[in-house]
*Asks:* 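Supplied in structure tokens, the structure appears directly below.
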Amino acid sequence: MDYLSNAQVLVSGAMQIQGAACGVDETGGLLVDTHQGRKTVYSGDVSVRRQ
């Protein structure tokens with residue numbers, strides 16, 4: 001079960017990444033679907049944007 005599945009998130013750190021959370025990869029990185037494609041995030045502050 002993935003509590004954040006499809007939740008809109010904003011990741012702040014060296015760069016800002018905004019998109020839909022879609023799980024974690026085999027190394028524990030947060031997967032985020034963005035307009036530019038899927039990004040893997042390993043560190044940063046994550047804000048959840050529930051609608």
Side-chain angles (χ1 to χ4, degrees):
M1 180 175 267
D2 183 355
Y3 180 75
L4 293 179
S5 181
N6 294 318
Q8 292 298 308
V9 295
L10 173 65
V11 182
S12 301
M15 297 173 50
Q16 282 198 342
I17 298 173
Q18 186 171 352
C22 57
V24 294
D25 68 7
E26 62 277 353
T27 63
L30 175 65
L31 299 172
V32 181
D33 282 337
T34 71
H35 291 295
Q36 295 81 30
R38 184 166 286 178
K39 307 287 183 186
T40 304
V41 178
Y42 294 102
S43 65
D45 294 320
V46 178
S47 298
V48 179
R49 309 288 185 199
R50 288 282 180 197
Q51 297 177 357

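Just so it is clear, the values below take in all heavy atoms, side chains as well, and ignore hydrogens, waters and symmetry mates.
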*Asks:* Rounded to the nearest 0.5 Å, what separates atom CD in Gln18 from atom CD in Gln36?
*Replies:*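 Result: 10.0 Å between the selected atoms.
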*Asks:* Output the distance between atom NZ (Lys39) and atom CG (Leu31), rounded to the nearest 0.5 Å.
*Replies:*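 If I round to the nearest 0.5 Å, the distance is 12.5 Å.
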*Asks:* Taking all heavy atoms of Val48 and all of Ala7, pick out the closest pair and write down the distance.
*Replies:*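 Reported closest heavy-atom pair: CG1-CB, 4.1 Å.
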*Asks:* Within a 6.0 Å radius of atom OH on Tyr3, are there more than 12 heavy atoms belonging to other residues, nucleotides or ligands?
*Replies:*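 For Tyr3, atom OH is not crowded (no more than 12 foreign heavy atoms under 6.0 Å).
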*Asks:* Mind checking salt bridge (Lys or Arg N to Asp or Glu O under 4.0 Å) for Asp25 and listing every partner two or more places apart, or none if nothing turns up?
*Replies:*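 None.
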*Asks:* State the OG1-CD distance between Thr34 and Gln16, to the nearest 0.5 angstrom.
*Replies:*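 The distance works out to 13.0 Å.
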*Asks:* Assigning hydrophobic clusters by single linkage (Ile, Leu, Val, Met, Phe, Trp, Tyr; side-chain heavy-atom cutoff under 4.5 Å), is Val41 placed with Leu10?
*Replies:*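 No.
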*Asks:* Calculate, to the nearest 0.5 Å, the distance between atoms SG and CG belonging to Cys22 and Leu30 respectively.
*Replies:*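 Spacing of SG (Cys22) from CG (Leu30) equals 7.5 Å.
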*Asks:* With sequence neighbours left out, write down each residue that passes side-chain contact (heavy atoms from CB on, under 4.5 Å) with Asp2, or none if nothing qualifies.
*Replies:*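 In terms of side-chain contact (heavy atoms from CB on, under 4.5 Å), with neighbours along the sequence ignored, Asp2 is linked to Leu4, Ser5.
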